[in-house]
Amino acid sequence: MMVCEYKPGLEGIPAAQSSISYVDGQKGILEYRGIRIEELAEKSTFLETAYLLIWGELPSKEELEVFEHEVRYHRRIKYRIRDMMKCFPESGHPMDALQASAAALGLFYSLRDLHNPAYIRDSVVRLIATIPTMVAAFQLMRKGNDPVRPRDDLDYSANFLYMLNEQEPDPLAARIFDICLILHVEHTMNASTFSARVTASTLTDPYAVVASAVGTLGGPLHGGANEEVIQMLEDIGSVDNVRPYIQDCLERKAKIMGFGHRVYKVKDPRATILQKLAEQLFEKFGHDKFYDIAQEMERVVEEKLASKGIYPNVDFYSGLVYRKMGIPTDLFTPIFAIARVAGWLAHWKEQLAENRIFRPTQIYNGRHEIPYTPIEQR
Ligand code: SDX
């Protein structure tokens, strides 16, 4: 048997062959199916990009219309899912509510033939369509309100913002939100996608795949960092406090949220685009002092940590965008999940196409041949 070196966090170990996305961490390049992220952010929509990732090619006009139509008409959630969500504690985190609700969807759509294209399409449409409805429903129900019915005349992102705020969004805000979803939809073998692929490799249903990935995304080292970034900016409070705050983090060896990445050793290209989107929002809706704090943080972190390749990642500026849209902080990570579900499903489909169950090994460093000690003698 081949002897391999143990790499904590599987750093640098390929876990799959994939043609879905590509990252060059030295040059700061991200491509979905070969197309640069900057171009998609400028010209595409979230649903078109989701289609590209899942089916491998940009859709024709007609294919896109059919897909948009299918998603639009699967947005409603079942009464029983809604009633189940009503029983969740209001104080519970929306990511936990989303994970439970995504898993519960699987109760209604039992596993059929995983290789049947109609089953795959049906699952993809249903998950992409209902996850935003579930996030918005939990937000309203935890405030004691009834969920808002989706509006068929609104596109994907505008409808989500409408369901969340009970009013039609500003068109610029809706377009910026849609671009945010494009930027978050996919990112090679990140922790939640790996989790999705491991779950998929057992040939379970796609609802279990998504529920397991949602659980993985929520942690503060992964998608949960966007929520922590806003908390950090609020704790810092002013531009003058940035330098001492960072100095203190470095002395305590604490991680500065929204900075650093396993793959990028330069600024994450998504952070660059998100920063510009934040600026567009501030120009239209008024400046935000947290943006000044964020920029100062970027300057000081670069001064102190550029030698280690620590720069802003995707989670650093996204929170500023969502905050300016009036979205509560604990919905930032569920919004990441709304986008990433399409990436997870692309990986689910790719995994099934050439599946072998994930079953890595370990390096055992425990004891051997230990006699059993009766309980009275312990
Ligand atoms: C996402 O993988 C993906 O693609 C994820 C993602 C996606 O789209 O799916 O891009 C989304 O998860 C973004 C990352 C969000 N997380 C954070 O912002 C949390 C803060 N960042 C870190 O904890 C960290 O940078 C990670 C988790 C993102 C990466 O961890 P690694 O690769 O295991 O790196 P590490 O913790 O081993 O750090 C290596 C060195 C250490 O210094 P030394 O001990 O070698 O001297 O870099 C330092 C670390 O101390 N370092 C940081 C730091 N990140 C790394 N120092 C201060 N602040 C930081 N944020």
Side-chain angles (χ1 to χ4, degrees), residues 9-10 13-18 20-21 50 53-54 77 81 84-85 88 92-115 119-120 122-135 138 181 184-227 262 314-315 330-362:
L10 301 184
I13 310 273
Q17 294 197 48
S18 179
I20 300 170
S21 65
L53 290 165
I54 295 166
I77 49 173
I81 294 271
M84 177 195 78
M85 293 177 82
F88 293 167
H93 197 285
M95 274 304 264
D96 295 330
L98 178 59
Q99 187 184 24
S101 312
L105 271 186
L107 291 164
F108 293 93
Y109 307 104
S110 59
L111 179 59
R112 282 177 275 144
D113 179 6
L114 275 177
H115 294 285
Y119 176 77
I120 293 178
D122 184 68
S123 311
V124 163
V125 165
R126 201 178 299 285
L127 278 157
I128 291 178
T130 52
I131 282 193
T133 315
M134 295 192 294
V135 171
F138 182 67
L181 296 186
H184 285 84
V185 60
E186 160 63 9
H187 208 244
T188 70
M189 202 51 60
N190 59 85
S192 56
T193 298
F194 181 48
S195 173
R197 283 191 85 124
V198 171
T199 308
S201 80
T202 69
L203 302 184
T204 186
D205 65 79
Y207 304 96
V209 168
V210 167
S212 108
V214 170
T216 309
L217 183 69
L221 292 185
H222 192 12
N226 57 12
E227 186 177 332
R262 176 66 61 80
V314 68
D315 287 328
D330 61 2
L331 293 188
F332 296 174
T333 318
I335 288 169
F336 194 153
I338 289 175
R340 188 55 63 87
V341 69
W344 295 327
L345 291 168
H347 281 270
W348 167 62
K349 195 165 160 285
E350 188 176 68
Q351 181 65 35
L352 291 183
E354 267 184 66
N355 189 53
R356 192 168 185 211
I357 191 168
F358 277 92
R359 199 337 182 161
T361 188
Q362 62 170 14

Evaluate side-chain contact (heavy atoms from CB on, under 4.5 Å) for D315 paired with F336, printing each intermediate quantity in order.
-> CA-CA 9 Å; D315 287 328; F336 194 153; 3.6 Å; yes
Set of residues satisfying side chain to side chain donor-acceptor pair (under 3.5 Å) with respect to [X], sequence neighbours excluded:
X    : value
S101 : none
W344 : S192
T199 : S212
D96  : none

Find out whether [X] and [Y] are in side-chain contact, i.e. whether some heavy atom of one side chain is under 4.5 Å from a heavy atom of the other.
X    : Y    : result
E227 : H93  : yes
N190 : R340 : yes
T193 : H187 : no
L114 : W348 : yes
I54  : I128 : yes
H222 : T333 : no
L105 : M134 : yes

When rounded to the nearest 0.5 angstrom, what distance separates [atom1] in [X] from [atom2] in [Y]?
X    : Y    : atom1 : atom2 : value
N355 : S201 : CG    : OG    : 5.5 Å
I131 : I77  : CD1   : CD1   : 11.0 Å
L203 : L352 : CG    : CG    : 6.5 Å
M85  : L98  : CE    : CG    : 7.5 Å
I20  : E186 : CD1   : CD    : 5.5 Å
L127 : D122 : CG    : CG    : 9.5 Å

When you measure from the side chain of [X] to the backbone N and O of [Y], does any donor-acceptor pair fall under 3.5 Å?
X    : Y    : result
R262 : G9   : yes
S21  : T188 : yes
D205 : G106 : no

Among V135, I335, D330, find the residue that satisfies the side chain to side chain contact (heavy atoms under 4.5 Å, CB included) test when tested with P94.
->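 Option passing the side chain to side chain contact (heavy atoms under 4.5 Å, CB included) with P94: D330.
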On a heavy-atom basis, which atom in [X] and which in [Y] lie closest, and how many Å separate them?
X    : Y    : answer
A339 : H184 : CB-CB, 3.7 Å
V198 : F358 : CA-CD1, 3.7 Å
E350 : R197 : OE1-NH1, 2.8 Å
Y207 : S123 : OH-CA, 3.9 Å
A225 : P220 : CB-O, 3.3 Å
S18  : H347 : OG-CE1, 3.7 Å

Taking ring pair (Phe, Tyr, Trp, His ring centres under 6.0 Å) as the test, write out the residues that go with Y119, two or more places apart.
->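 Residues passing ring pair (Phe, Tyr, Trp, His ring centres under 6.0 Å) with Y119: none at all.
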L107: side-chain contact (heavy atoms from CB on, under 4.5 Å) partners, not counting sequence neighbours =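 Per chain and number, L107 pairs via side-chain contact (heavy atoms from CB on, under 4.5 Å) with A104.
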